Visitor: 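To start, I am sharing the structure in question, which I have written as structure tokens.
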Amino acid sequence: MHKLSFNNDLAFAAEPYKGKLRFIVYHNKEELVCRIETIKNIQLFIQPKEGRIFKGRLQLHKMNNKINVEVKGKKIGSVSIIHFKSMLQGLSV
């Protein structure tokens, strides 16, 4: 699992899950929200155009070479697309 720490004791992580990817937001080491997505959809999401993926409590929005992580409609942090790609490459699915 690869984990990125954000402010206010929040962290964003990704891990392999049954041939897919599971994205999780933690608050003080407790799982707050998660979302499971196919690798193909994540690869389409990180293509060079603005967009978003996921509906519901956890959402990822891509703008200006950054991915904003939102929980329940509030931005909790952001990560560069380059860092996001390297995080995904480190996962073995």
Side-chain angles (χ1 to χ4, degrees):
M1 176 188 332
H2 291 281
K3 196 181 274 191
L4 303 172
S5 294
F6 293 140
N7 55 1
N8 301 329
D9 302 317
L10 295 170
F12 176 68
E15 65 185 15
Y17 182 78
K18 297 182 181 180
K20 297 181 180 183
L21 295 173
R22 184 171 184 250
F23 296 92
I24 311 127
V25 173
Y26 291 95
H27 181 260
N28 293 327
K29 299 182 181 180
E30 271 191 53
E31 191 174 301
L32 187 61
V33 294
C34 77
R35 179 68 186 208
I36 298 169
E37 191 57 74
T38 64
I39 297 165
K40 181 181 177 182
N41 285 343
I42 296 300
Q43 289 172 338
L44 290 172
F45 169 69
I46 58 178
Q47 295 302 311
K49 62 181 178 185
E50 292 186 7
R52 70 180 179 114
I53 193 165
F54 307 152
K55 293 181 181 179
R57 295 184 301 161
L58 174 59
Q59 295 184 14
L60 303 180
H61 296 269
K62 185 175 55 168
M63 306 173 84
N64 302 326
N65 295 321
K66 285 191 176 183
I67 295 174
N68 295 323
V69 180
E70 290 187 8
V71 173
K72 298 179 184 175
K74 287 187 161 188
K75 179 181 167 185
I76 62 161
S78 63
V79 60
S80 72
I81 291 177
I82 293 170
H83 195 130
F84 186 79
K85 284 180 180 180
S86 69
M87 182 175 84
L88 296 178
Q89 287 176 347
L91 300 173
S92 57
V93 179

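Every value quoted in this text rests on a predicted model; they were computed, and no experiment measured them.
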Visitor: So E50 and N64, do their side chains get closer than 4.5 Å, heavy atoms only?
Guide: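 Yes, close enough: below the 4.5 Å cut-off.
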
Visitor: Specify the closest pair of heavy atoms between C34 and L58, including all atoms of both residues, with the distance to one decimal.
Guide: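 Heavy atoms of C34 and L58 come nearest at C-CD2, 4.1 Å.
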
Visitor: Please report the closest heavy-atom contact between N41 and I53, naming both atoms and the distance.
Guide: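 Shortest heavy-atom separation between N41 and I53 comes out as O-CD1, 3.8 Å.
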
Visitor: How many angstroms lie between CD1 in I67 and CD1 in I82, if you round to the nearest 0.5 Å?
Guide: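 Output value for this atom pair is 11.0 Å.
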
Visitor: In Å, rounded to the nearest 0.5 Å, how long is the span from CD1 of I24 to CD of E31?
Guide: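 Interatomic distance, I24 CD1 to E31 CD, rounded to 0.5 Å: 5.5 Å.
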
Visitor: Please find the pair of heavy atoms, one from I42 and one from F54, that lie closest to each other, and give the distance.
Guide: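 Closest pair (atom of I42, atom of F54, distance): CD1-CZ, 4.3 Å.
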
Visitor: Taking the side chain as every heavy atom from C-beta outward, state whether L10 and L32 have any atom pair closer than 4.5 Å.
Guide: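 The answer is yes; the side chains approach within 4.5 Å.
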
Visitor: Evaluate the side-chain proximity of F23 to V69: yes if any heavy-atom separation is below 4.5 Å, no if none is.
Guide: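 The answer is no, as the side chains (C-beta and beyond) never meet within the 4.5 Å cut-off.
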
Visitor: Rounded to the nearest 0.5 Å, how far does CZ of R57 lie from CZ of R35?
Guide: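 Interatomic distance, R35 CZ to R57 CZ, rounded to 0.5 Å: 11.0 Å.
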
Visitor: When you look at CD1 of I36, are more than 12 heavy atoms from neighbouring residues, nucleotides or ligands closer to it than 6.0 Å?
Guide: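 Atom CD1 in I36 is packed in, count exceeds 12.
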
Visitor: Between V79 and M87, is any pair of side-chain heavy atoms under 4.5 Å apart?
Guide: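 Side-chain contact under 4.5 Å: no.
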
Visitor: Run the side chain to side chain contact (heavy atoms under 4.5 Å, CB included) check on F84 and F12 step by step: do they pass?
Guide: CA-CA 11 Å; F84 186 79; F12 176 68; 4.0 Å; yes

Visitor: Could you give the distance from CE (M63) to CD1 (I81), rounded to the nearest 0.5 Å?
Guide: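 With rounding to 0.5 Å, CE (M63) is 11.0 Å from CD1 (I81).
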
Visitor: Go through H83 and L4 one step at a time and tell me if the side chain to side chain contact (heavy atoms under 4.5 Å, CB included) criterion holds.
Guide: CA-CA 10 Å; H83 195 130; L4 303 172; 3.2 Å; yes

Visitor: Hydrophobic clustering (ILVMFWY, side-chain heavy atoms < 4.5 Å, transitive) - are I39 and L60 grouped together?
Guide: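 Both belong to a single hydrophobic cluster.
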
Visitor: A quick test of your reading: do over 12 heavy atoms of other residues, nucleotides or ligands sit less than 6.0 Å from NZ of K3?
Guide: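 Yes - once you tally the heavy atoms of other residues, nucleotides and ligands closer than 6.0 Å, there are more than 12.
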
Visitor: Would the distance check show the side chain of K62 and the main-chain N or O of F45 forming a donor-acceptor pair, the cut-off being under 3.5 Å?
Guide: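 The answer is yes, because a donor-acceptor pair under 3.5 Å joins these two groups.
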
Visitor: Under the side chain to side chain contact (heavy atoms under 4.5 Å, CB included) criterion, do L21 and E37 qualify, and how do the steps go?
Guide: CA-CA 5 Å; L21 295 173; E37 191 57 74; 5.6 Å; no

Visitor: Take a 6.0 Å sphere around CD of E30 and say whether it holds more than 12 heavy atoms from other residues, nucleotides or ligands.
Guide: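 Incorrect, the count does not exceed 12.
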
Visitor: What's the spacing between H61 NE2 and E70 CD if we round to 0.5 Å?
Guide: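 Nearest 0.5 Å value for the NE2-CD distance: 3.5 Å.
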
